[in-house]
Amino acid sequence: MRLPEEFYRRDDVLQVSRDLLGKYLFTKINGKTTVGMIVETEAYRGPEDKASHAWNGRFTNRTRVMYEPGGIAYIYLCYGIHYLFNVVTATEGIPHAVLVRAVEPVEGIAEQLERRKMTQLHPRITAGPGALCMALGITRDMNGKSLQSESIWIEERGTVIESKDIIAGPRVGVAYAGEHALLPWRFSVRNNKFVSKAK
DNA sequence: ACGAAGATTGGCT
DNA sequence: GCCAATCTTCGTC
């Protein structure tokens, strides 16, 4: 069952971030469907969060989609090489978002291997935000797209991740955010092989 | 108009 | 473990 818009439009981005664990991220590109179960997320809490692109209410051509109502994709190019996929949350005007950092491949694994130029299934295939975008074929032309669309969406399939199996820790790669870098806003599924290795 | 830095990854030592 | 790849974004001149 596809997650409804109300799921994303809650203002508590930390809760949405936790709730996305165990959900299934789908893409359908040129008739090929690929699916990954979300196992790692990070919450970015809009204006109050120094690590967020929307910190201090920054509104630019890039960040504008973060201010739209929740339930759409925010995708941007990082280091000139990798696409990173975020889910925009909360209501219009509140630029909260959840970065999806890792998924476990579930369907279309052959296609995912091909996109990653790999021959063997290895956690590296989707462990990391840039890696999962490549495996699922996510590129910036999906930026701003509704998660109710026919090319990218998220489903609930009855998988339950219990609170005791959710690990909360500091976010990755945000040292520039000072004290905000220490907030435990990264969530992952305990003992899942596809969770990325933080440096 | 210019330049530094970035929510990363993979290859080489 | 270290470092290059690669290009958009944004602050500053």
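Within every chain, numbering begins at 1; the chains are lettered A, B, ... in the order of the sequence lines, protein sequences first and strands thereafter. Side-chain atoms are counted along with the backbone in the values below, which use heavy atoms only and exclude waters and symmetry mates.
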A:Cys133 SG to A:Arg140 CZ distance, which is reported to the nearest 0.5 Å: 12.5 Å
Pair pattern of DNA chain B in dot-bracket, where unpaired bases get dots and | marks partners in another strand, Watson-Crick or G-U under 3.5 angstrom: ||||||.|||||.
Does a salt bridge link A:Lys28 with A:Glu111, judged by any charged N lying under 4.0 Å from a carboxylate O? no
Does A:Ala177 reach a base, just sugar-phosphate, or nothing at all? Heavy atoms under 4.0 Å. nothing
Using whole Å, what does the distance between atom P of nucleotide B:dT9 and atom CD1 of A:Ile138 come to? 13 Å
Can you tell me how far P of B:dG10 sits from NE2 of A:His122, to the nearest Å? 10 Å
Can you tell me the distance, in whole Å, between the CD atom of A:Glu42 and the P atom of B:dT8? 8 Å
Rounded to the Å, how far apart are A:Lys197 NZ and B:dG10 P? 11 Å
Residue-phosphate contact under 4.0 Å: A:Arg186 side-chain N/O, B:dA7 OP1/OP2: no
Electrostatic pair A:Glu48-A:Arg45, nearest N-O below 4.0 angstrom: yes
Given the side-chain rings of A:Tyr76 and A:Tyr74, with only the six-membered ring counted for Trp, is the space between their centroids under 6.0 Å? yes
Is the phosphate of B:dG6, meaning OP1 or OP2, less than 4.0 Å from a side-chain N or O of A:Tyr76? no
In plain terms, say whether A:Arg101 and A:Glu42 are close enough for a salt bridge, that is, a side-chain N and a carboxylate O under 4.0 Å apart. yes
How would you label the contact of A:Arg116 with the nucleic acid (heavy atoms, under 4.0 Å): base, sugar-phosphate, or nothing? sugar-phosphate
Can you build the contact string for nucleotides 6-13 of chain C? Use B for base contact, S for sugar-phosphate-only contact, and - for no protein heavy atom under 4.0 Å. BBSSSS--
With heavy atoms under 4.0 Å as the rule, sort A:Arg124 into base, sugar-phosphate or nothing. sugar-phosphate
Between A:Val98 and A:Ser17, is there a side-chain heavy-atom distance shorter than 4.5 Å? yes
Taking the same atom, P, in B:dA7 and in C:dG1, what whole-Å distance lies between them? 23 Å
Matching residue for A:Lys23 among A:Glu155, A:Glu156, A:Glu104 - test: salt bridge (charged side-chain N to carboxylate O under 4.0 Å, His left out): A:Glu156
For C:dT6 versus B:dC2, give the span between their P atoms, rounded off to a whole number of Å. 22 Å
Give the minimum heavy-atom separation between A:Ala181 and A:Ala175, together with the two atoms involved. CB-CA, 4.1 Å
Distance-only donor-acceptor check, side chains A:Ser196 and A:Glu40, under 3.5 Å: yes
